[in-house]
Amino acid sequence: MADFIPHTPLETKEMLETIGVSSLEDLLAPYPKEHVLPDLSDIPSGLTESSLMRLMKSMAARNRAGGSVPIFRGAGAYDHFIPEAVSPLVTRGEFLTAYTPYQPEVSQGLLQVIFEYQTAMANLFGMDISNASVYDGATALAEACLVAHRQEGRTAILISEGVDPDIARVVKTYVEGVGCTLKLIPLVSGKTRIEDVMSQMDAQTACFVGAIPTFWGTVEDFSGFADALHQNGSLLILHANPHSLAVLRPPGSWGADLATGEGQPLGIPLSGGGPYLGILTAARAFMRKIPGRLVGKTVDREGRAAYVLTLQAREQHIRREKANSNICSNETLLSIQALVTLSLLGPAGFREAAEGSMKNARKLRARLLSVPGVSPVWEDTPFFHEFVLEMPMESKKLSRLILSEGFLSGLPLSGYSSPGGENRMLWCATEMRTEEEIENLGRALEKVLVRHGGNKS
Amino acid sequence: MADFIPHTPLETKEMLETIGVSSLEDLLAPYPKEHVLPDLSDIPSGLTESSLMRLMKSMAARNRAGGSVPIFRGAGAYDHFIPEAVSPLVTRGEFLTAYTPYQPEVSQGLLQVIFEYQTAMANLFGMDISNASVYDGATALAEACLVAHRQEGRTAILISEGVDPDIARVVKTYVEGVGCTLKLIPLVSGKTRIEDVMSQMDAQTACFVGAIPTFWGTVEDFSGFADALHQNGSLLILHANPHSLAVLRPPGSWGADLATGEGQPLGIPLSGGGPYLGILTAARAFMRKIPGRLVGKTVDREGRAAYVLTLQAREQHIRREKANSNICSNETLLSIQALVTLSLLGPAGFREAAEGSMKNARKLRARLLSVPGVSPVWEDTPFFHEFVLEMPMESKKLSRLILSEGFLSGLPLSGYSSPGGENRMLWCATEMRTEEEIENLGRALEKVLVRHGGNKS
Amino acid sequence: MTIRENSEERSARPDMHPTLWEISRSGARGVRPPVVSGSPAFGIPDVSMRETPPGLPELSELEAVRHFTNLSHLSRGVDTHFIPLGSCTMKYNPKVSDKVASLPGFSDLHPRTDPEGMEGLLEAMGTLSDLLRSLLGMDGVTLAPAAGAHGELTGILIARKYFEARGETSRKVILVPDSAHGTNPASASMGGMVVRSIASKPSGHIDTVALEKVLSDETAMVMITAPSTLGLFEEELSEVVRLVHKVGALVYMDGANMNAFLGVLKPGDLGFDIVHINTHKTLATPHGGGGPGSGPVGVKSHLVPFLPTPVIQKTDRGYSFANPDDPRSIGPVRSFLGSTGVLLRALSYVLLLGREGLPKVALYALLNANYLKKRLEGVLPGEGPGLCAHEFVLSAKPLSAYGVHAGDLAKGLLDAGYYAPTIHFPLIVPEALMIEPTECESKSMLDEFADDFSRIVERASSHPSELLAAPARTPVSRPDEVLAARDPVLKDTTVSGGQFRKN
Amino acid sequence: MTIRENSEERSARPDMHPTLWEISRSGARGVRPPVVSGSPAFGIPDVSMRETPPGLPELSELEAVRHFTNLSHLSRGVDTHFIPLGSCTMKYNPKVSDKVASLPGFSDLHPRTDPEGMEGLLEAMGTLSDLLRSLLGMDGVTLAPAAGAHGELTGILIARKYFEARGETSRKVILVPDSAHGTNPASASMGGMVVRSIASKPSGHIDTVALEKVLSDETAMVMITAPSTLGLFEEELSEVVRLVHKVGALVYMDGANMNAFLGVLKPGDLGFDIVHINTHKTLATPHGGGGPGSGPVGVKSHLVPFLPTPVIQKTDRGYSFANPDDPRSIGPVRSFLGSTGVLLRALSYVLLLGREGLPKVALYALLNANYLKKRLEGVLPGEGPGLCAHEFVLSAKPLSAYGVHAGDLAKGLLDAGYYAPTIHFPLIVPEALMIEPTECESKSMLDEFADDFSRIVERASSHPSELLAAPARTPVSRPDEVLAARDPVLKDTTVSGGQFRKN
Ligand SMILES: Cc1ncc(COP(=O)(O)O)c(C=O)c1O
Ligand SMILES: Cc1ncc(COP(=O)(O)O)c(C=O)c1O
C-alpha cells in the first residue's frame with residue numbers, strides 16, 4: 001500500500017514517450033524474458049502504515065524486553081543509560097539519510113562529527129588514533145588480528161580465555177580464511193598469566209589478545225605483557241568494554257598496539273543485537289595498516305580548515321584485492337550516537353555511570369549470595385560489573401524460570417567451558433538497576449528455588 | 001538532579017567578581033529580604049532523567065489510552081491516522097525551539113510554513129483567509145463571536161444546539177465579559193431550522209453559529225442561512241470539524257463570514273486534551289478585524305520574495321486595550337503539525353481517511369443496533385462519523401463497564417439535555433478502527449448487558 | 001559567536017523556496033491512510049457535500065519531507081542559536097520532557113475518557129498544581145489557560161466574578177502600568193473591564209503617589225509585571241500592594257518574568273492575589289515558533305471558588321475532577337483539562353530540578369543578566385543603575401545621531417549569528433533593546449555576545465551604512481512590511497481551493 | 001533545482017565550527033546518569049585503574065544539542081537533497097520504518113534473551129528471511145552480515161567451506177570483472193582466496209570467450225555484479241553461468257544493484273548460487289552517513305548447510321534458532337543475530353510494498369534511469385547505447401580538452417543544490433559519472449537536474465574556469481587531500497586524553 005513512487009500516471013506516460021517505449025514492462029527488455037515478472041504470490045499484499053504499525057507492535061509485544069523486565073544480563077550487550085537528547089539529534093535527517101561523506105564540501109558536519117568520534121575513542125582507549133568504525137566489537141577484534149597477521153605474515157593468534165568465546169569464534173571465522181589459527185590462553189582465577197602467554201609464544205605468534213574486563217567480568221593486570229610480546233615481535237591487542245574505560249586503565253596505557261571494543265555500551269540501544277559499533281583504535285605506527293574509514297583535518301584551497309576522508313589508499317575501492325580490508329559501509333550513525341552520548345554525559349557523568357554499574361553489581365552479588373545455595377566462583381578476583389556465580393540449578397532452566405517471574409537473569413553458562421559450567425551464571429547490573437529491582441530479583445530467585453527445588457547446596 | 005545551568009564554579013566566581021558582588025545570593029538584594037529563599041521543603045528533591053522517565057511511565061500506564069483500548073469516542077477529539085513522518089519533522093529543533101518569528105530574516109522557514117498553513121486552512125474551509133491559529137476550537141469560536149460583536153456592538157449570539165455544549169460554555173465565558181448573551185436555537189431531528197433562527201433574530205443579533213457536523217454527528221443544510229442573517233445585518237459563523245471538510249460542504253460555500261474549527265483531527269495526537277489547534281478563518285472583509293497572527297508575502301529590499309508577520313496593528317502589542325484580542329502566543333507548532341499531516345496525506349489521502357471514518361461509523365452503528373435493547377434516536381438524519389444511540393443502561397455506568405472490557409465506548413450523554421439523555425451515548429468510529437475491533441466491541445457490549453442486566457427494551 | 005554561520009545562505013538566485021502548491025503535482029500521492037472497505041453511499045444529501053477538492057498540495061512523501069526539512073534550516077531556535085529575546089526566557093527545552101509528553105498513555109489518551117481511565121493524567125496534573133501552588137505561594141491553581149495572555153484573561157474574569165459575588169459591580173477599572181506588556185490591557189478589555197494606564201517614574205518604577213491618586217472604589221485590580229519589563233524589581237512593591245488592598249482592589253502579577261523568582265521568591269508572599277506563569281518561558285516548555293504555550297494561574301484562597309472549570313481536587317483516593325457545575329466558577333476558558341502535552345513538560349522540568357535546582361534557576365538567571373549588563377553598560381546606556389533581575393534594557397538612543405536605530409542593531413546581531421533582543425519594548429524606553437540571557441547560556445557565549453555587540457555598536461558610529469545594510473548574510477533582508485500590510489497576500493494562490501465563499 | 005540553496009553558507013569568517021574540545025569548559029556538566037548509592041571501594045588494584053580522565057568534552061546539555069544540530073546543517077541527506085550517487089540507491093527512507101525499529105520490545109531487547117523471551121523478534125527475522133528467499137529466488141538466507149562487503153565475505157567463506165567439504169581444496173581462484181566494486185576483490189582476498197581480474201568487453205559486458213579461457217578446476221567462484229556497475233544487464237549472463245557451472249565453480253551475484261531487479265527478476269532464476277542484497281540500498285534502510293547497513297546473503301540449497309550461525313528455522317511452533325554447532329557452518333561472522341534494528345526497517349519496507357509495490361520499485365527505477373539517460377545522452381557520451389537498468393554511466397572525457405574533469409562537474413552540481421553522482425567508478429570508464437536516480441525522485445526533479453546538468457556541462461566548455469572554481473557556495477571548497485594524507489591529523493588535540501600509550 002506504499003511504494004514511495006512519486007509519479008503521476010501522466011508523468012509516467014510522458015517519460016515513457018521520451019524514452020521511446022510504450023509501457024513500463026518494455027523497460028525490462030534487456031532481462032531474460034522467461035524470468036521477468038515472476039510469481040510473487042508468496043509475498044503478502046502491501047500494508048498501510050497503520051496496519052504495519054499494528055503488526056509490528058504485536059510482534060514487539062511478544063519480546064520480554066527491558067521495558068517489561070529488569071535486565072541482569074550483560075555478556076557483551078548492556079542496558080546503560082541513554083540520555084533522551086541522543087535520539088532526536090542522531091535521527092536528524094541530515095545525518096540519518098546521508099551517504100558516506102565522499103563530497104567533503106557538502107559533508108563538513110558529518111566529517112567533523114566523525115573526526116570528533118575518532119578523537120573521543122582515541123582518548124578513551126588511550127590510543128593514538130581511531131578509525132571511523134567497523135561493524136561490531138567482534139569484527140573489530142577480528143580485523144585487528146588480521147592487521148597483526150599482515151605485519152609479517154605470522155599465523156598464530158594467542159587469545160585469552162578472558163575474551164568472549166562468541167567473539168573468539170567470530171575471530172576464528174575471519175582469520176582461518178587467511179590461514180591463521182587461534183590458541184587459547186587459559187584463565188586462572190579469572191586472570192591470564194603472563195607465563196602462560198610466554199610459554200605459548202613463538203616465531204609464528206602474530207599477537208596476543210586480552211580483554212578489559214574479561215567476558216567473566218574480571219579485571220586483569222597486563223603489566224609486562226606488551227614488553228614480552230614486543231620482544232618476540234608480536235603485538236598486544238586489547239579488547240575493551242568502552243564503558244569500563246571510564247574507570248579502568250585503558251589499553252594504550254598497557255602498551256597495546258591495537259585496541260578494539262564493542263561500542264554498544266556508549267548510548268546504543270540493545271536492539272536485539274544490532275546495529276552496534278565496532279571500535280578500532282591503534283598506535284600511530286599502524287595508521288596506514290588499519291582498515292576502515294579515517295577522517296583527517298586539512299585546509300581547503302582558500303586556507304580554511306576542512307575535514308576529508310583520508311588515507312583512502314588503504315581501502316578497497318582503490319587497492320582492491322590488496323586493500324587492508326573489504327570494509328566499505330561501516331557504522332557511522334552509531335559512532336555519532338556514541339559521540340553524542342559521551343558529549344552529553346561528559347567525563348564526570350560517564351564515570352558516575354560506570355561507578356553506578358560497579359556499585360549495583362556489588363549489591364547484586366551480595367544479594368544473590370545471600371540466597372541459600374548460591375556460591376561464588378572466585379572470592380577476591382577484582383571485577384567490573386559482571387561476575388560468575390554457582391547457582392543451585394541448571395542455569396538454562398533457572399533462567400527460564402526467572403524470566404517467567406519477570407526478570408532477565410544472568411547469562412546461563414551451561415555449555416560454556418570453565419569458568420562457565422552447567423549451574424553457573426554470569427550476572428550483571430548496570431547503573432540502570434534500582435535497589436528495589438535487585439531486591440525483587442532476589443525474592444524471585446528464592447521463590448523459584450523453593451518452588452522448583454534445585455540441587456541444594 | 002538537573003538544572004541545565006552550564007556554569008562551572010570558576011566561571012561563576014569570575015562573573016560575580018565582574019558584577020562586583022561576592023555571592024549568588026547577593027544578587028537577590030533588590031528582593032524583599034524577608035521573603036527571599038523561601039522554604040521549599042514541600043517540593044521533592046530533583047530527579048535524574050532516568051528516574052523521571054520511570055515515574056512518568058508509571059503514571060502513563062495508569063491511563064486507559066488508545067494504545068491499550070480501541071477508541072469509539074469522539075465528541076470533539078478524534079483518534080485519526082497520523083503519518084509517522086509527522087513527528088520527526090515537527091519536532092525538529094529549528095521549529096520546536098523557535099520563538100514567534102519577529103525577525104523575518106532568520107525565520108523565513110517558519111514564516112513560510114505558517115503562510116502555507118493559512119493557505120491550507122483557507123482552502124479547506126473555503127474561506128478567503130485564515131489566521132495563524134488561536135488556542136483551540138472553542139476559543140476560536142469565542143473569538144469569532146467577539147468579532148461579530150465588535151462589528152456594531154450587537155450583543156445577542158444565536159447558537160445552534162448542534163454546537164458542542166462544552167464549546168458553547170467556553171463561548172459564554174468569553175462573551176459574557178463584554179456583555180453579550182447566548183441564545184440557543186434548538187435542534188429538531190438533529191437539524192437547526194432556519195425558521196427558528198429567523199424567529200430569534202432581532203436588531204441585537206450579532207451572529208448565528210452553526211456546526212459542521214453537529215456535536216451529535218448530524219450533517220445540516222445551511223441553505224438560505226447566510227442571506228437571512230445578512231439581511232438582518234448579522235453574521236453567519238460556522239464551526240466545522242476540519243476532518244469532515246474533506247467531504248462536507250465547507251463553511252465558505254454556505255456563505256459564512258467567519259468559520260472556525262478545532263484542528264486536532266488534522267494529525268494532532270489526542271494528548272489528553274491539548275495542546276490543540278484553534279482554526280480561525282474569515283471572509284476578506286474581516287481581515288483587519290480578526291485576532292491573532294497573520295503572515296503575509298512581500299518583497300525584501302532587494303526585491304526578493306519574503307514572508308513577514310503582517311497587519312500587526314490589530315494586535316495587543318501595538319493597540320493594547322484597543323486590540324482585536326489579547327492573543328500573543330498561539331499554537332504555531334500545532335499548525336505546522338496540521339500542515340505537515342495534510343501535505344503527507346494530500347487531498348486524496350485526506351478524503352480516504354474521512355470516507356474511512358464514515359464507513360466505519362456506519363458499520364459500528366449497524367453492529368450496535370444489532371444488540372438487543374439498543375435503538376436509534378433518529379432514523380434518517382444524515383450523519384458524518386458520529387451518531388447518538390439509546391442504550392439499555394445508564395450511560396455513565398455502561399461506559400465504565402465497557403472500559404473495563406477494554407474499549408472506550410461512545411460518550412455517555414447523561415447530564416446532556418436532548419438530544420442527550422440518561423441512557424444515550426454519542427458513538428464515533430474513525431478510519432483507525434478495524435472490523436475486528438467493531439465486532440469485539442459489539443460482543444463486549446452484549447456481554448456487559450447480559451451480565452449487568454440493563455433496562456431491557 | 002565563533003560558530004560558523006551555517007544555517008542560512010544568501011541565495012545567489014532571486015527565486016524563493018517554492019511553496020507546497022508550487023511543487024504540487026496533480027495526481028501525486030503521499031502517505032495512505034488505513035484502508036476501510038465498504039460502500040461510499042453515506043446517505044448525505046448532495047447539497048451538504050463538498051463539490052470540489054479542498055485545494056491541498058499533492059506530493060510524494062519524500063517531497064513533503066524535503067520541503068519541511070529544508071525550510072527548518074531557515075529558522076533559528078534555541079537548539080541552534082542564542083536567543084536573547086527579553087521577556088521571552090528562551091532557555092533550553094529539555095528533550096526528556098518532549099519524550100515524556102509523547103509517551104503512549106499520555107499522547108494517545110482521549111480527553112473525554114472516564115475519570116477511572118485517566119488516573120495517571122489526573123495524578124500528573126494534580127501534582128503539577130500542587131507544585132505550582134507552592135512555587136507561586138498561592139492557594140489554588142488552574143492549569144487550563146493556553147498561554148500567558150489567556151491566563152491574564154482568566155485572572156480578569158476571576159476578579160470580575162469575585163466582585164460580582166461581593167456585589168461590588170461598579171469595580172470595572174483595571175490599572176496597568178505603561179511599561180506593561182500589551183497583553184495586560186488587551187486582556188482587561190476582553191474581560192469587559194475599563195483600562196487605565198498608570199505612568200511609571202523615570203526610573204521605571206511605579207509612581208506610588210500617582211497610583212494612590214487613581215485608586216478608588218471603582219478599581220478592580222492593578223496588574224503588575226514583576227520583575228518589571230525593565231528587568232527591575234518594584235522598589236516600593238509592598239507599598240503598592242498595601243495601597244491597592246486598602247481600596248479593596250486586587251493585585252495581579254503578570255508572571256511572564258517569573259524566571260527571576262523561581263524558587264527564590266513566591267509571588268504569594270509579596271501579597272499578590274492572582275498570578276499567571278508562562279510555562280513556555282519559566283518552565284522550559286518549547287515555544288514552538290509561537291506556541292503552544294500554557295499559562296497556569298494561581299490565586300489566593302478568597303478567589304479559589306472562581307477558578308475556571310474543570311478543577312482537579314485531591315481526595316484520599318488520589319486526584320479527581322471536582323464538581324464542574326459550581327456556579328461561582330467563571331466557567332471553562334477552553335476545551336478540556338488544559339494543554340496537557342505542554343503541562344507534562346512543565347511537570348517534568350519541575351521534577352527534574354526539584355527543591356535544589358529550582359532556586360538555582362533564578363540565581364543563575366540573575367547572574368547571567370547582571371554579568372551581561374555589566375559587560376554592556378559602557379557600550380550603550382542601560383535602564384536602572386544597580387542590579388537588574390533576569391533581564392535588562394539598553395537604549396540605542398545615542399546611535400540615532402548616526403541614523404542607526406535599535407532595529408538596525410538587531411539586524412547586525414542576526415548577521416553575527418544570534419537571534420535579536422526584543423526591540424522597541426517596553427514602550428517607555430526610547431530605542432529599547434531588551435536582553436534576557438537566561439540561566440542556560442554559558443559565560444563563553446555571553447562573552448562572545450558582548451564582544452560582538454560592542455563591535456556592532458562601534459561600527460554603528462564609525463560605519464553606520466554598514467549596519468543599515470544588515471543583515472547581509474541571511475536569505476532575505478528587511479522585507480517590506482508596509483507593502484505587506486497595504487494589500488495583504490495572506491495565502492498562496494498557485495492552486496485555488498475551489499468552492500470558496502459565494503457571496 | 002529550484003529550491004533555494006539554504007542549508008549551507010559560505011562563511012564570511014575563516015574560523016571553523018569549533019570542535020567539542022574547543023568549546024569544552026573544565027567542570028561543565030551535561031546530563032546526569034542515574035544516581036546509585038554505595039561505597040566507591042571496588043576492590044580493584046590501582047594498577048588496573050585509570051589514572052587520568054578519558055579526555056571527553058565537558059559541555060552543558062544545551063551546548064551539546066546546539067553543536068550537533070548546527071553540524072547537521074552542514075550535511076546533505078536524502079531528506080534534504082537529491083543524491084544521484086550511482087551504485088548507492090539513495091532512495092527515500094520511510095520514517096515509519098525508523099519508528100518500527102525504535103518500538104519498545106525491539107529497541108530494548110537484550111540480544112542474549114532466552115529464545116522464549118524473543119519470539120517476536122524471531123518471527124520478524126524469520127519472516128524477513130522468508131520474504132528475501134522469495135525475492136532473491138534462493139533456498140536459504142542469512143541475515144547476519146552487517147553490510148554488502150560483509151555479505152561478500154560471508155559468500156566467499158561459504159564457497160570455500162563448500163569446496164572444502166567436497167574435498168576440492170585447490171579451488172582458490174575467484175574471478176572478478178574489472179568493472180566490479182572494490183569490495184569484491186577485497187572480500188575474496190580477506191577470505192584467503194586468490195583474485196583474478198577479468199577484463200570487460202568495450203561494451204562493458206563480460207567477455208565470455210576470455211572468461212572461458214581462465215575458467216579451470218582451480219576456479220572457485222565468479223563474482224558478477226548484476227546489473228553491472230555500468231547499469232547494464234549482462235547480455236550473455238546465462239552463457240556465463242553455464243560456463244562457470246560447467247567447470248564446477250559457483251556464480252556469485254553482487255546484489256548491491258538489486259533495486260533494478262526487485263520484484264521483477266529473481267537472482268536465483270538466473271542461475272546464481274549466492275547473492276547478497278544491501279538493505280541500505282534496495283530495501284530503503286537509511287545509510288546513516290556511512291552505515292549501519294545490512295547485507296543478507298541468499299544461497300541455493302547445496303550451500304544452505306554452510307550458512308553462518310546463528311540460523312533461524314521455521315518449526316510448527318513458530319521460528320526458533322537452529323543448532324548453533326553444525327560443523328559445516330562457516331561459524332559466526334559477527335556477534336548475535338544481525339543488525340536487527342536495520343533488518344526491522346527492511347522488513348517494514350517489504351511489508352509496506354508487498355507483492356503489488358515491489359515490482360513497481362524496479363519498473364520505476366528503470367523508468368527514471370532511462371528517462372534521465374535520454375535527457376542527458378546528448379550532453380555527454382554514455383556507456384551502452386540501448387536501455388539501461390537502474391543507473392547509467394556518462395563519461396566526462398570530452399571536457400578534458402577544457403581541463404575539466406568528472407570531479408569538477410561533481411563540484412558544479414554541489415553548487416546547483418545536489419549531491420554529486422559517483423565519480424571515477426567504474427574504473428573502466430574514463431572520467432566516469434555514474435548516475436542513479438532511484439524510483440523515488442519525481443519527473444520534475446529529474447527535469448531540473450537534467451537542465452542544471454546540461455547548463456553546467458555547457459559552462460564547462462564556455463567558461464571552464466568557473467567550474468574549476470566550484471563549489472563556490474559551500475562552507476569549504478576542495479579540501480587539500482594530499483596534505484591530509486601526508487601527515488594525517490586524525491584527532492583533535494585541543495584537550496589530550498591523558499594516559500596514552502606508553503611505549
Ligand atoms: C510580560 C509578558 N506578559 C504577557 C505575555 C503574554 O504571554 P503569552 O504570549 O503566553 O500569551 C508575555 C509574552 O511575551 C510577556 O512577556
Ligand atoms: C556494487 C557494490 N558492491 C558492494 C558494495 C559494498 O556494500 P557495503 O558498502 O554495504 O559494504 C557496494 C557499495 O557501495 C556496491 O556499490
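Source: prediction; values computed, not measured. Every chain is numbered from 1, with letters handed out A, B, ... down the list of sequences. When reading the values below, keep in mind they use all heavy atoms of this one structure, side chains included, and skip hydrogens, waters and symmetry mates.
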Between D:Ala147, D:Ser48, D:Pro40, which has the largest tally of heavy atom pairs under 4.5 Å with chain A? D:Ser48
Between chain A and each of D:Met90, D:His280, D:His110, D:His181, count heavy-atom pairs under 4.5 Å; write down the option with the most. D:His110
Select one option (side chain, backbone, both, neither) describing which atoms of [X] are under 4.5 Å from chain D's heavy atoms.
X: A:Ile5; answer: both
X: A:Ser223; answer: side chain
X: A:Ala246; answer: backbone
X: A:His35; answer: both
X: A:Leu345; answer: both
X: A:Leu403; answer: side chain
X: A:Ala85; answer: side chain
X: A:Lys172; answer: neither
X: A:Asp221; answer: both
X: A:Leu96; answer: both
X: A:Leu245; answer: both
X: A:Thr139; answer: side chain
X: A:Thr91; answer: neither
X: A:Thr100; answer: both

Need one label for [X]: side chain, backbone, both or neither, based on atoms under 4.5 Å from any heavy atom in chain A.
X: D:Ala124; value: both
X: D:Leu20; value: both
X: D:Tyr371; value: both
X: D:Glu441; value: backbone
X: D:Asp269; value: both
X: D:Asp480; value: both
X: D:Pro57; value: both
X: D:Phe106; value: both
X: D:Phe42; value: both
X: D:Leu352; value: both
X: D:Ser238; value: neither
X: D:Arg334; value: both
X: D:Lys411; value: side chain
X: D:Ile83; value: side chain

Quick test of your reading of the model: are [X] and [Y] salt-bridged, counting only N-O distances below 4.0 Å?
X: D:Glu439; Y: D:Lys360; value: no
X: A:Arg249; Y: D:Glu51; value: no
X: A:Glu352; Y: A:Lys359; value: no
X: A:Glu94; Y: D:Arg76; value: no
X: D:Asp114; Y: A:Arg400; value: no

Determine, step by step, whether D:Arg112 and A:Asp166 satisfy the salt bridge (Lys or Arg N to Asp or Glu O under 4.0 Å) criterion, reporting the C-alpha distance in whole Å, the side-chain angles of both residues, the deciding distance to 0.1 Å, and the verdict. CA-CA 12 Å; D:Arg112 296 206 198 241; A:Asp166 294 325; 2.5 Å; yes
Check whether [X] reaches the backbone of [Y] with its side chain - one donor and one acceptor, N or O, closer than 3.5 Å.
X: A:Thr119; Y: A:Phe115; answer: yes
X: D:Arg50; Y: A:Leu124; answer: yes
X: A:Gln118; Y: A:Val295; answer: yes
X: D:Ser75; Y: D:Leu71; answer: no
X: D:Asn370; Y: D:Leu366; answer: yes

Shorter than 4.5 Å, heavy atoms on both sides: which option in [options] has the most such pairs with chain D?
options: A:Met432, A:Arg351, A:Met1; value: A:Met1
options: A:Leu52, A:Val36, A:Leu311; value: A:Leu52
options: A:Glu431, A:Glu25, A:Glu11, A:Arg169; value: A:Arg169
options: A:Glu49, A:Glu262, A:Glu14; value: A:Glu49
options: A:Tyr135, A:Tyr276, A:Phe81; value: A:Tyr135

Under a 4.5 Å cut-off applied to non-hydrogen side-chain atoms, are A:Phe4 and D:Val361 in contact? no
Tell me, please, which residues at least two apart from D:Arg32 pass salt bridge (charged side-chain N to carboxylate O under 4.0 Å, His left out).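 So D:Arg32 forms no salt bridge (charged side-chain N to carboxylate O under 4.0 Å, His left out) with any residue.
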A:Asn326 versus D:Thr183, side-chain donor and acceptor atoms under 3.5 Å: no
Pairing donors with acceptors under 3.5 angstrom, does anything connect the side chains of D:Thr19 and D:Lys491?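 D:Thr19 vs D:Lys491: no donor-acceptor pair found between side chains.
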Considering residues at least two apart in sequence or located in another chain, which fulfil the side chain to side chain donor-acceptor pair (under 3.5 Å) criterion with A:Ser107? none
What is the distance from atom CG of A:Leu408 to atom CG of D:Leu109, rounded to the nearest 0.5 Å? 8.5 Å
Compare every heavy atom of A:Leu40 with every heavy atom of D:Gly263, then report the nearest pair and how far apart it is. O-CD1, 3.7 Å
Going through the distances and angles, do D:Arg29 and D:Glu58 end up as a salt bridge (Lys or Arg N to Asp or Glu O under 4.0 Å)? CA-CA 6 Å; D:Arg29 293 289 315 251; D:Glu58 300 174 74; over 6 Å; no
